[in-house]
Amino acid sequence: MAAMQAMNARRDVTTQGPPPIPVPQLPIAESTIYYAFNVPFASDLAGPDTEDILHATTDAVLRWTHPAEAPDDVPVHALHVHVMNLEGLRQLCHSITQNALPIEAHVLSGTPKNARGLVTTVCLSGPAELVYQTREAILNKTPISLRCTTVDVDGNLVANLAEGVLKKSVTDFLDETSRFCGVDIFLLGPKLAPVVDGLNGDVELRRDQRWRVAIYGDNMSTEHAKTRVLIHIDQLVYQLGRIVDSFQVDYSIQQILIGRNRKNIKLIESSTNTAIYFPPPFLNCYSYCPPGAARRGESDVFITGENTQAIEQAKYKIHDYISRIRLFVKDVQISPAKLDSVLLTRMDKVRKIAENNNTHIMPPSLGSRKNTTRFQALENLPVERSIREFMALVGQFYTATWWISHPDTRQPMPTPSDIRTMLSDICANSEADVTFDKMCFTITGSDEAVKAALSVIHEIKWVSHSSSQIRVKIELANEHKEFVSGKKNGKINKIMGQSNVQIMFETFGEYNFNIEVVTHSYDAVKHGLTLVEQEMPASISFHVPDQYHKRIIGIGGQHIQRIMKKYSVFVKFSNAMDRGGLSREDDDSRVDNVICRTPARNAQNLELVKSEILEMVDRVVRSPLPHVDPRSANVNASVKDSEFMNQTVKIDRLYHRELLSRLPEIEEMEKKWNCKIVFPSTEQATDELTVSGPQWLVPKCIDSFLGMVPDKHEVVMERTPSLIKFLESPEFVQNIVPKLKAQYEVDVTVHENPEERASNGNPSVTLLWQFTRNNAGGVSDAMDFLQGEFATAGVEPVFIRGALSRPKPDTFEESLPFFDSKLLQHAPAPVATDSPTKPSFGEETARERSSLLERLRRPGSGMSSISSFLDRRKNSSQSATSFFKGSSNVSKSSLVSIESTRSFNADRNPWNDSGVNLADEESGSPWPSAVLVGNGIGNKLTVPHHGDMTPRHTARQSADSGRPSTSHSTNSGYPGPLGPFR
């Protein structure tokens, strides 16, 4: 008891009295770190050709063209705009260094060997948090990623053709838009475009019929100006004008409102005859705004319509759809450094992910060091798809550390100036971001950039002679963990035994894990990292109709197992239920449902597996099962017919609205031909539509689609009594015109234009040929038929413009001068026509380029009118359309521009496999032997510069799944053995 009382007494004593005086904590001085990064100025962006400029906004010519006295070999980065951007960055960094904060900023600019142009590097030094804030400020106050966007416009909308001058209202609008948006705008004349003749392969120069508005500036400012120009063109096209209005739509639901392939907005625009312009995606990720310019609001949506009722109807439908939206939202944690790399180099792919999955993706702002990215969609399935594809993009970037544990005392330690020079050289020659803190280099960038940076560091003497630890982290999807490690970690254990490295797997999230390669030797990390990369999954995906899967797999999988063992490739089939059910928005026939996967060192067998599977499909197609609808496959299809492809068709963008008004007909056409017709967004202002589907059905769908597009061609001839008598004769009106319609699908009407005359002053007569685009190839045949009727009637027409001539025949005519024979007659000289196949066409257009455009740029210099410029342009153009190749046997597929790619696999199911054991293959070291010029610290390096491009095996055209490649590749699967270590 006494002891207990004593303890209580002591406890009472300790709890009584005032609280103890706290010991003041002295602030711990933060260590100084060094951070080097490249500023993507786009210094290789050239300005327009001075001969094409008809009008330029204030000081635009000074900024984007070289002086007349400049030499011919002056580099592009010497343009005034690039020089001033670099000088502005130097002044900004100088002001940062001179302020009271403990931070320094230095700019180094140069052209490393094998670089694509001028490289600008900023090196910051100071406390870590202050360094990161300064980097964010620099990236958001500098005009990075300059670009040029072009809008085509008819010349009669911007110029008074009768008086030969540009419309003042148009030039005033361009000047105002330039000031308001902070961009430079040029009005350019029609361009000469090289076109390859489909018959003989000759390259011809053809002058486009439209003029161009070229907009130069940063990404978001050019998009803002482009939207304003498109709205103004809408008002110019319609004589009564179009009403322009705007309203607010929350930025986070705009992509969901637009819909996949713009399905929702396309229905609203077609039903109300309106045009709706949304802000560019990811507008809130970039905060740069040119001085004195106005930034477009992220919620501002512009709409143009014929009247107020149409606009109000479109608004009502939009708000009605928004009121029914229910969102699935998910946040994902991602490394801030890798997010910045994605924002700077991969946003085109992020945009495709968002559009294909109808998902809103909300990354943090550039340089903010935040690590949360939000994904939201109408369903959970597209959210998961988007996250997996986005995380695959993040996996394209590596992280490495080089920690110097025991510096070599025999080598002098670098001074702060040496460290800045050293980091700038590393950064400039590798395009990676490099940090130096407490004798440790931290490197972040693409796979090739990180390996190139490690190679540069290895060449520094005081680093290579010191004891170090090197770590490289590779990020990969969780479903590939067993694939890379092998059964019972067999592959990893073998690599560690061969290369003297340690390999650890680190799971840090729901979707990805890290493969960490650790060693103390640079040569060991080269070898070990190469072996790990060779075990990474390479994959290819393509489409096979679901009804053929069972026959290809075989009873008990015997067929597909034979192929898998033959090529050491794992093959996975997925049906509609695996992809989320039959009622999904994405059509089952347009989704890749076969995935072939193998280690990267065996990637060359992927195409062989694909070819063999498609051969099996071909055999199944030729002998269909009784329960298979024979209309679902072509019995005469070949192996290539099993491929899905994309093909582009060019149609005037202003006519897209007319086509959208016939949307039910287009949907019936899509069902009939098993194809998908995708219209571009209103903001893109492009003429190109995309038709995707089976390779043997796409041309048929395009032919049917072009039957909805009218076209016309004018043939102007000199008016003569014999010609007028023939055109007014009953034979022409009652027999020839109906025959042209019945046999050639061409309507011919006769018109007179008093203002158009022949060179001798005689009046003219015009034949207007009207047809649909799918029958454009028959116009030349119809014209040959009419010329034959002219000859029969004894009429010799004199063509002023619009005549179509046949291409030069492949004969022995050129060799006839070597034979002195009166029996061999030379072909007569060709009649002067406007065909671009004539040798004089290039000379004539060159004269136009040097004289007429120059006179148009100088009002009052003797040019009577712009109409004379256009007349001569028309005389040298082939027709009102670019599809007259001058042959009767032009195939329908040659009438469109083809860009064949494979369908994008928007559905990547997480399936786990253990890989296939492959025979051991020894490969040479893909790492480079970088050479430093000079000695000591900060030496210049000669390293092959390839950006983040990953070399791979033979180029593949099919879309891949698994680990995507870098941005310069057409595939999305991990490549084969990497090229030399940069």
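- Note that OG1 of T444 is 10.0 Å distant from CG of D340, once rounded to the nearest 0.5 Å.
- T519 and Q502 share no donor-acceptor pair across their side chains, judged by distance under 3.5 Å alone.
- A donor-acceptor pair under 3.5 Å is formed between the side chain of S405 and the backbone N or O of S467.
- Remark: R135 is not positioned above the aromatic ring of Y35, lacking an NZ or CZ atom under 6.0 angstrom from the ring centre and at most 45 degrees off the axis.
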Side chain to side chain contact (heavy atoms under 4.5 Å, CB included) assessment of K338 paired with T399 | CA-CA 9 Å; K338 293 187 177 182; T399 301; 3.6 Å; yes

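- Atom OG1 of T345 and atom CZ of F397 lie 3.5 Å apart (nearest 0.5 Å).
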CA sep, side-chain torsions, deciding dist, call: T421, D418, side chain to side chain donor-acceptor pair (under 3.5 Å) = CA-CA 5 Å; T421 304; D418 294 335; 5.6 Å; no

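- Between E87 and L89, every side-chain heavy-atom pair lies at or beyond the 4.5 Å cut-off.
- To the nearest 0.5 Å, atoms CZ (F508) and CD (Q333) are separated by 11.0 Å.
- Atom OG of S109 and atom CG of N38 lie 10.0 Å apart (nearest 0.5 Å).
- The number of heavy-atom neighbours closer than 6.0 Å to CG of N500, taken from other residues, nucleotides and ligands shown, is 12 or below.
- Note on K526 versus D523: salt bridge recorded, some NZ/NE/NH1/NH2 to OD/OE distance being below 4.0 Å.
- Using bins of under 30°, 30° to 60° and over 60° for the plane-to-plane angle, the ring pair F436/W462 lands in the perpendicular bin.
- Side-chain polar atoms of N140 and S287 form a donor-acceptor pair below 3.5 angstrom.
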Donor-acceptor list for residues 71-86 side chains, cut-off 3.5 Å, not counting sequence neighbours:
unit_1, atom_1, unit_2, atom_2, d
H82, NE2, L45, O, 2.9
N85, ND2, V81, O, 3.2

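- Cation-pi geometry between K481 and F513 is met: under 6.0 angstrom from the ring centre, within 45 degrees of the axis.
- The pair E223-R147 meets the salt-bridge criterion, with a side-chain N (NZ, NE, NH1 or NH2) lying under 4.0 Å from an Asp/Glu carboxylate O.
- Panel note: side chain S341, backbone A337; a donor-acceptor pair is recorded below 3.5 Å.
- Of the inter-residue distances, the one linking E459 atom CD with I426 atom CD1 reads 11.5 Å to the nearest 0.5 angstrom.
- Checking side-chain atoms of N489 against main-chain N and O of I492 turns up no donor-acceptor pair under 3.5 Å.
- To the nearest 0.5 Å, atom CG of residue L343 and atom OH of residue Y286 are 5.0 Å apart.
- Taking the side chain as every heavy atom from C-beta outward, F41 and V39 approach each other to under 4.5 Å.
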